Amino acid sequence: MFADCHTHSRVSPDSNAPMVEMAKQALEYGLDVMCLTDHCDLLSLEGERTLDYDWQVVLRERKQMLDAFGTKLDLPLGIEFGMAHLYPEAAEKILSQPGLDFVIGSCHNMDEKDGGRDFFMLSYDTLDECYQALDNYFVSMEKMAAAPYYDVVGHVIYPLRYMNGPYDTPSLDRYRDQIRQILRLAIDSGRGIEINTWKGQTLEAWIPLLKDYKQLGGEIITVGSDAHAPGPLARGVREAYQIMQDCGFRYVAVYHQRKPEMFRLK
């Protein structure tokens, strides 16, 4: 099994890639599965509420892709659902879409009381600013993990990718209890986590988290590149499989109809 379960197309606001081009590249790279998980964020980049989602745009693009590649690739219907725990009624309506296979639960934004801006938009000039953002992030992540609007917890270490100032990478040691609680909430509800390779740039950082997940009894893991264009598809996925094996995991998950199918790692 070679599956990229976190990808984006031009249905997401931060991509220009047609779905059909993503699928074409996936086939050329030898992927068995490509799940497009386009963004649905209930807070915008600037923190404004965006409580509707136009599934028709997704389905139109998806039809073109399926017509061209639906017999050659497994192409589950996915979504990356941001801040869903804040608005249960909107979340339930969006997730009622027939045929939905997979939901990544993400927190991309600061809490509304702190402005609600996406972590991508914040300033990280000092280490103190980094920790202020991470404090906010893990509180939201724990609330998200306690809600029922996801299948796997998305990119637990998300804000770190933007913290590249003149300082050492912020340590997650101070958040270990919170991270373990997030993992425990996913496990206890029969859900999983993802390894997000961030186009192959984030791999080693997952090892401590995976060891905790294993120790807590976690089993369900998907892997995704977070590619927003055809070129970076699948980057880091095979390396992530090796890291999983090194941490004692023997299976990788792919979701269909909101249920995980477990495939043995080789």
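This structure is a prediction, so every number in the text was calculated from the model and none was measured.
- Using a 4.5 Å cut-off on side-chain heavy atoms (C-beta onward), Asp177 and Phe138 make no contact.
- In the displayed structure, Asp54 atom CG is contacted under 6.0 Å by more than 12 heavy atoms of other residues, nucleotides or ligands.
- For the residue pair Asn196 / Asp226, a side-chain donor-acceptor distance below 3.5 Å is found, with atom types taken as modelled.
- Salt-bridge annotation for Glu219 and Lys214: absent, with no side-chain N of the basic residue lying under 4.0 Å from a carboxylate O of the acidic one.
- Environment of CD in Glu89: sparse, with no more than 12 heavy atoms of neighbouring residues, nucleotides or ligands closer than 6.0 Å.
- Donor-acceptor pairing under 3.5 Å is recorded for the side chains of Ser106 and Glu80.
- No side-chain N or O of Asp128 forms a donor-acceptor pair with one of Thr126 less than 3.5 Å apart.
- When all heavy atoms are compared, the tightest approach of Asp101 to Tyr255 is O-CB, 3.6 Å.
- Contact annotation: the side chain of Val223 never approaches that of Asp4 to less than 4.5 Å [non-hydrogen atoms, C-beta and beyond].
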> Run the side-chain contact (heavy atoms from CB on, under 4.5 Å) check on Leu43 and Thr50 step by step: do they pass?
Replying inline: CA-CA 6 Å; Leu43 292 178; Thr50 54; 5.6 Å; no

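- No donor-acceptor pair closer than 3.5 Å links the side chain of Arg180 to the backbone N or O of Leu209.
- With hydrophobic clusters built from ILVMFWY side chains whose heavy atoms lie under 4.5 angstrom apart, Tyr131 does not share a cluster with Val139.
- The shortest distance between side-chain heavy atoms of Leu59 and Gln97 falls below 4.5 Å.
- In this structure the side chain of Leu203 reaches within 4.5 angstrom of the side chain of Ile243, judged on heavy atoms.
- Here the CG-CG distance, from Leu73 to Leu66, works out to 10.0 Å after rounding to the nearest 0.5 Å.
- A continuous path of ILVMFWY side-chain contacts below 4.5 Å connects Ile157 to Tyr150, so both sit in one hydrophobic cluster.
- Residue Asp67 places its CG atom among more than 12 non-hydrogen atoms of other residues, nucleotides or ligands, all under 6.0 Å distant.
- A salt bridge does not link Asp151 with Arg191: none of the charged nitrogens is closer than 4.0 Å to a carboxylate oxygen.
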>> For a side-chain contact (heavy atoms from CB on, under 4.5 Å) check, start with the C-alpha distance between Leu134 and Leu160, then their side-chain angles and the critical distance, and finish with the verdict.
In response: CA-CA 8 Å; Leu134 289 167; Leu160 290 182; 4.3 Å; yes

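- For the pair Arg49 and Tyr87, the NZ or CZ position fails the cation-pi test of under 6.0 Å to the six-membered ring centre and within 45 degrees of the ring normal.
- The nearest pair of heavy atoms linking Gly105 to Met144 is O-CE, 3.2 Å.
- Side chains of Thr169 and Met163 form no contact here, defined as non-hydrogen atoms less than 4.5 Å apart.
- Taken from CG in Leu233 to OH in Tyr29, the straight-line distance is 7.0 Å, to the nearest 0.5 Å.
- A cation-pi arrangement is not found for Lys24 relative to Phe69, the charged atom failing to lie both closer than 6.0 Å to the ring centre and inside a 45° cone about the ring normal.
- Taken from OG in Ser15 to NE2 in His39, the straight-line distance is 8.5 Å, to the nearest 0.5 Å.
- Side chain of Tyr167 to main chain of Tyr124: a donor-acceptor pair is present (N/O by atom type, distance under 3.5 Å, no hydrogens or angles).
- The aromatic rings of Tyr162 and Tyr158 sit perpendicular to each other, their planes meeting at more than 60°, with 30° as the lower class boundary.
- Rounded to the nearest 0.5 angstrom, Ser44 OG and His108 NE2 are separated by 13.0 Å.
- Val20 approaches Gln64 most closely through the heavy-atom pair CG2-O, 4.4 Å.
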> Would Asp212 and Leu183 satisfy side-chain contact (heavy atoms from CB on, under 4.5 Å), going step by step from the backbone distance to the final call?
Replying inline: CA-CA 8 Å; Asp212 276 351; Leu183 301 178; 4.1 Å; yes

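- Salt-bridge formation is not detected for the pair Lys72/Asp32: no Lys NZ or Arg NE/NH1/NH2 atom is positioned less than 4.0 Å from an Asp or Glu carboxylate oxygen.
- Of all heavy-atom pairs between Cys107 and Met83, the closest is CA-SD, 3.6 Å.
- Checking side-chain atoms of Asp38 against main-chain N and O of His8 turns up no donor-acceptor pair under 3.5 Å.
- Under the 4.5 Å side-chain criterion, counting only non-hydrogen atoms from C-beta, Val153 is in contact with Ile182.
- Annotation: cation-pi geometry not satisfied between Arg258 and Phe102 (NZ/CZ under 6.0 angstrom from ring centroid, within 45° of ring axis).
- Shown here for Ala253 and Pro260, the closest heavy-atom pair between the two residues is CB-CB, 4.3 Å.
- For Ser12 (side chain) and Asp14 (main-chain N/O), no donor-acceptor pair under 3.5 Å exists by modelled atom type.
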>> Could you walk me through whether Asp114 and Asn136 satisfy the side chain to side chain donor-acceptor pair (under 3.5 Å) test, starting with their C-alpha distance in whole Å, then the side-chain angles of each, then the deciding distance to 0.1 Å, before giving a yes or no?
In response: CA-CA 9 Å; Asp114 294 308; Asn136 192 291; 2.7 Å; yes

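- Between Phe249 and Leu210 the shortest side-chain heavy-atom distance falls below 4.5 Å.
- Glu194 places no side-chain N or O within donor-acceptor distance of the main-chain N or O of Gly154, the cut-off being under 3.5 Å.
- Between the side chain of Ser96 and the main chain of Lys93, a donor-acceptor pair closer than 3.5 Å is present.
- With rounding to the nearest 0.5 angstrom, the CG atom of Asp135 is 9.0 Å from the CE atom of Met110.
- Of all heavy-atom pairs spanning Met34 and Thr7, the tightest one is CG-OG1, 3.9 Å.
- Aromatic ring centroids of Phe119 and Tyr137 lie under 6.0 Å apart.
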>> Using the rule given for side-chain contact (heavy atoms from CB on, under 4.5 Å), can you reason through Val237 versus Phe2, listing the C-alpha separation, both sets of side-chain angles and the distance that settles it, and then say yes or no?
In response: CA-CA 8 Å; Val237 170; Phe2 187 22; 3.9 Å; yes

>> Could you walk me through whether His6 and His228 satisfy the ring pair (Phe, Tyr, Trp, His ring centres under 6.0 Å) test, starting with their C-alpha distance in whole Å, then the side-chain angles of each, then the deciding distance to 0.1 Å, before giving a yes or no?
In response: CA-CA 9 Å; His6 189 145; His228 286 62; 7.5 Å; no

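- In this structure, the separation between CE on Met22 and CG on Leu27 is 13.5 Å, given to the nearest 0.5 Å.
- Donor-acceptor pairing under 3.5 Å is lacking for the side chains of Gln201 and Arg235.
- Side-chain atoms of Glu61 come within 3.5 Å of backbone N or O of Met19 as a donor-acceptor pair.
- Hydrophobic clustering of Ile, Leu, Val, Met, Phe, Trp and Tyr side chains at less than 4.5 Å, counting indirect connections, keeps Leu185 apart from Ile195.
- Looking at Leu45 and Asp118, their side chains come closer than 4.5 Å, going by heavy atoms from C-beta outward.
- Side chain of Trp198 to main chain of Gly236: no donor-acceptor pair is present (N/O by atom type, distance under 3.5 Å, no hydrogens or angles).
- Remark: the backbone N or O of Phe81 is not paired with any side-chain donor or acceptor of Asp41 at under 3.5 angstrom.
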